[in-house]
Amino acid sequence: MSGQIEQGYEWAREQYAALGVDTERALARLAETPISAHCWQGDDVAGFERPGAELDGGGIQATGNYPGKARTIAELRADFEQALRLLPGRHRFNLHACYLDNGGRFVDRDALEPAHFESWIEWARGLGLGLDFNPTFFSHPKAADGFTLSHADPAIREFWVEHGRRCRRIAAEMGRQLGTPSIHNIWIPDGYKDIPVDRRAPRERLTESLDAMLAEPLDRADVRDAVEAKLFGIGSESYVVGSHEYYMGYAISRGTLVCLDAGHFHPTESIADKLTSVLLFAHEALLHVSRPVRWDSDHVVILNDDLLAIAHEIVHAAAPGTVHIGLDFFDASINRVAAWVIGAQSMRKALLAALLEPVEELRRLEREGDFTGRLAMQEALKTLPLGAVWDRFCQREGVPAGMAWLEEVRDYERNVLARR
């Protein structure tokens, strides 16, 4: 098998070289591009605030009942470590605040400390992972009516502001200890199910809350703040306080990152098309890569046209280091470890496809108005041997190539997941 992979790669290398593409350079860049995998795929967004708790609310819902989900921190870590053994390239891990290690004693969200995530930092350090972080503004009695940072009650707003302050400090501590900035992403479920009378006042309150939450100066070498918009959610179908336009204005005026979630826009909108517009003014962006089969349905990411377009923009239109890539899906209908592997593989394959594009030649054709040549080359690229280059990448990274990874997942399911 090893010899076949090497032979296939040499043939593919020649095919790409004929178009002026250096596959070795592409593989080197691919290996150094980090992807942040999300904790919530492993346990259906349950978290560890209370033993046996199931999070609910704010449009957060994993569907399916496939056996073997993680029930403890140890199980979640073991499952992701299994996924890591099958994934090439650099990775990060993205935590929500409700995944704290509280030693079995309930800690409310306005009392969180870096100590509640120290074991996560040690775990990440041992695996060479960076950590990203999210406040959890849902599934809580003080979010039951669908409002948090924009709530009309000042006391409830202050509770969530304090939660956000503490989460920023936790993220900064993660970044400081691990030597890589933690992306601290803010998403809230605030909005109305039916048509509101006053659309302005909640946004004014949200602005005040965000300003208070982000007021403490923290080193950007340790933490970067991002704000994430949504088109609508379950319970906020008619009005979302944190709309795309709102957060674009906030991010540009306050110097935060903009988070573009692939599932948070109209199905006909492409976040690939939005990325360069955002980066002209916001300077850095966070992507939550999901697959919205029917709007924000958070299906496992696959190698489709939308993902390829996103990867093209990341590789060819963004300055290095200005786009942070995070996965965001939760599918409980299939093996959860396999979901991590398929999603992360798909994102990295899309990046590889973009890295293997003869982009300078395509740009030349476009500049010269040769749209016939541009289209012909774009179509020819679709049948070039991307898979042979991918298999060689996996081989060099010491992970299974082709479909060989699936049998390892099935072994893990038989020996570990099935016993839960």
Side-chain angles (χ1 to χ4, degrees), residues 27-45 48 66 68-96 99 101 117 119-134 174-175 177-180 182-183 287-289 300-303 324-331 334-352 390-417 420:
L27 291 180
R29 287 187 62 187
L30 183 66
E32 290 303 311
T33 304
I35 295 174
S36 188
H38 51 312
C39 68
W40 48 95
Q41 169 56 45
D43 76 330
D44 305 346
V45 209
F48 305 114
Y66 198 91
K69 76 172 181 177
R71 302 160 300 179
T72 66
I73 291 176
E75 289 180 352
L76 183 63
R77 291 173 182 166
D79 291 353
F80 186 67
E81 288 171 26
Q82 174 60 39
L84 273 183
R85 287 190 282 271
L86 306 174
L87 289 171
R90 292 176 55 202
H91 290 86
R92 302 172 64 85
F93 198 60
N94 193 7
L95 285 167
H96 246 286
Y99 286 74
D101 187 352
F117 294 87
S119 70
W120 281 109
I121 295 172
E122 289 302 313
W123 172 77
R125 181 183 290 113
L127 293 171
L129 299 171
L131 288 177
D132 298 314
F133 200 62
N134 309 263
M174 290 173 171
Q177 290 198 39
L178 296 173
T180 176
S182 178
I183 306 302
L287 298 183
H288 273 193
V289 185
V300 176
V301 173
I302 61 172
L303 190 61
H324 306 272
I325 306 170
L327 304 178
D328 186 7
F329 50 82
F330 31 95
D331 190 341
I334 65 173
N335 182 294
R336 294 167 184 82
V337 175
W340 265 322
V341 175
I342 293 168
Q345 280 185 347
S346 297
M347 183 69 248
R348 203 168 290 281
K349 286 176 183 176
L351 291 170
L352 177 59
W390 171 258
D391 284 348
R392 181 61 169 150
F393 180 59
C394 291
Q395 184 186 57
R396 290 181 179 180
E397 291 283 309
V399 303
M403 288 286 291
W405 65 269
L406 184 57
E407 188 53 41
E408 293 199 24
V409 170
R410 286 175 170 158
D411 283 342
Y412 186 76
E413 181 174 57
R414 286 189 290 266
N415 298 322
V416 178
L417 302 181
R420 292 179 181 170

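To the nearest 0.5 Å, the span separating CG on L87 from CD1 on I342 amounts to 10.5 Å. With rounding to the nearest 0.5 Å, the separation of CZ in R125 from CH2 in W120 is 15.0 Å. Note: Q345 CD to W390 CH2 = 5.5 Å, rounded to the nearest 0.5 Å. Here the straight-line distance linking atom CZ of F133 with atom OG of S36 works out to 12.5 Å at 0.5 Å rounding.
R396 has its side chain within reach of L27: a pair of non-hydrogen atoms, C-beta onward, lies under 4.5 Å apart. Side chains of Q177 and E122 form a contact here, defined as non-hydrogen atoms less than 4.5 Å apart. Looking at H91 and R348, their side chains come closer than 4.5 Å, going by heavy atoms from C-beta outward. Within the 4.5 Å cutoff, the side chain of V289 has no heavy atoms near those of the I35 side chain.
With sequence neighbours excluded, no residue satisfies salt bridge (Lys or Arg N to Asp or Glu O under 4.0 Å) with D101. Under the ring pair (Phe, Tyr, Trp, His ring centres under 6.0 Å) criterion, H288 pairs with no residue, sequence neighbours left out. Considering only residues two or more places apart in sequence or on other chains, R77 meets the salt bridge (Lys or Arg N to Asp or Glu O under 4.0 Å) condition with none of them. Scored by the ring pair (Phe, Tyr, Trp, His ring centres under 6.0 Å) test, F80 finds F93, W340 as partners (sequence neighbours excluded). Checked against salt bridge (Lys or Arg N to Asp or Glu O under 4.0 Å), R90 has the following partners two or more places apart in sequence or in another chain: E32. Taking the side-chain contact (heavy atoms from CB on, under 4.5 Å) definition, one finds that R410 meets it with L406, E407, R414, sequence neighbours left out.
Using a 3.5 Å distance cut-off with no hydrogens or angles, the side chains of N94 and W40 do not pair a donor with an acceptor. For the residue pair Y99 / D43, a side-chain donor-acceptor distance below 3.5 Å is found, with atom types taken as modelled.
Partner H324 forms a side-chain contact (heavy atoms from CB on, under 4.5 Å) with one of D132, L287, I183 and no other, that one being I183.
The two residues K69 and E75 make their nearest non-hydrogen contact at O-OE1, 4.1 Å.
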